[in-house]
Amino acid sequence: MTEETWNSRQEIAEALEAAGWKGDPGDELGVLRHPTGAVWAVLNDSGDCGVDCPNGAVIELPSATSDAVVIATALAASGQSDPAHVIKLEERAAWLGFLEAAGVDNWSGVDVARDLRDEAAR
């Protein structure tokens, strides 16, 4: 696997590792397994990947498939999450990124929002 391919799928691997998936010894970067039996793997240097489901189904995802869809597919295969919910969260994160790019972080109310967030975290 080339470095370019790995970088294009790194966010997927990091998200799955955060959800409890573990890398295969000797191929920690290309194959991740969940305790339910679900497996995610990068299939080739183009960045195509796939998910083997515990029920025996195999889902192949071409390199053009967004990270959010791949993550949602893997989490759904392992029974960890509703794919629609994951996609909704990714869309919300993208929207917040656009707001920040437009300068909402320079808005006078952003300090109030930060204070509210910090207070809620306590």
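For the pair R9 (side chain) and G47 (backbone), a donor-acceptor distance under 3.5 Å is present.
Between the CG atom of L32 and the NZ atom of K22 there is a distance of 10.0 Å, given to the nearest 0.5 Å. For the atom pair H34 NE2 and L16 CG, the distance stands at 9.0 Å (nearest 0.5 Å). For the atom pair L61 CG and I71 CD1, the distance stands at 11.5 Å (nearest 0.5 Å). The CD1 atom of I12 lies 8.5 Å from the OG1 atom of T65; values are rounded to the nearest 0.5 Å. Rounded to the nearest 0.5 Å, atoms CG (L75) and CH2 (W40) are 12.0 Å apart.
Identified under the side-chain hydrogen bond (donor to acceptor under 3.5 Å, both in side chains) test for residues 97-111, with sequence neighbours left out: D111-R114. Identified under the salt bridge (charged side-chain N to carboxylate O under 4.0 Å, His left out) test for residues 31-41, with sequence neighbours left out: D24-R33.
For N55, the side chain to side chain contact (heavy atoms under 4.5 Å, CB included) criterion is met by C53, A57, not counting sequence neighbours. For V58, the side chain to side chain contact (heavy atoms under 4.5 Å, CB included) partners at least two apart in sequence or on another chain are D52, E60. Not a single side-chain hydrogen bond (donor to acceptor under 3.5 Å, both in side chains) links S66 to another residue, sequence neighbours left out.
Cluster partners of V112 are L116, counting Ile, Leu, Val, Met, Phe, Trp and Tyr whose side-chain heavy atoms approach within less than 4.5 Å, directly or via other members.
When every heavy atom of G20 is checked against every heavy atom of P35, the shortest pair comes out as O-CD, 4.0 Å. Heavy-atom minimum distance, T36 versus S78: CG2-O, 3.4 Å. Of all the heavy atoms in A74 and W21, the pair that sits closest is O-CZ2, 3.3 Å. Annotation for D48 and S63: closest pair OD1-N, 2.7 Å, computed over non-hydrogen atoms. Closest non-hydrogen pair, I59 versus T73, comes out as CD1-CG2, 3.7 Å. Nearest approach of A41 to V31, heavy atoms of both residues: CB-CG2, 4.0 Å.
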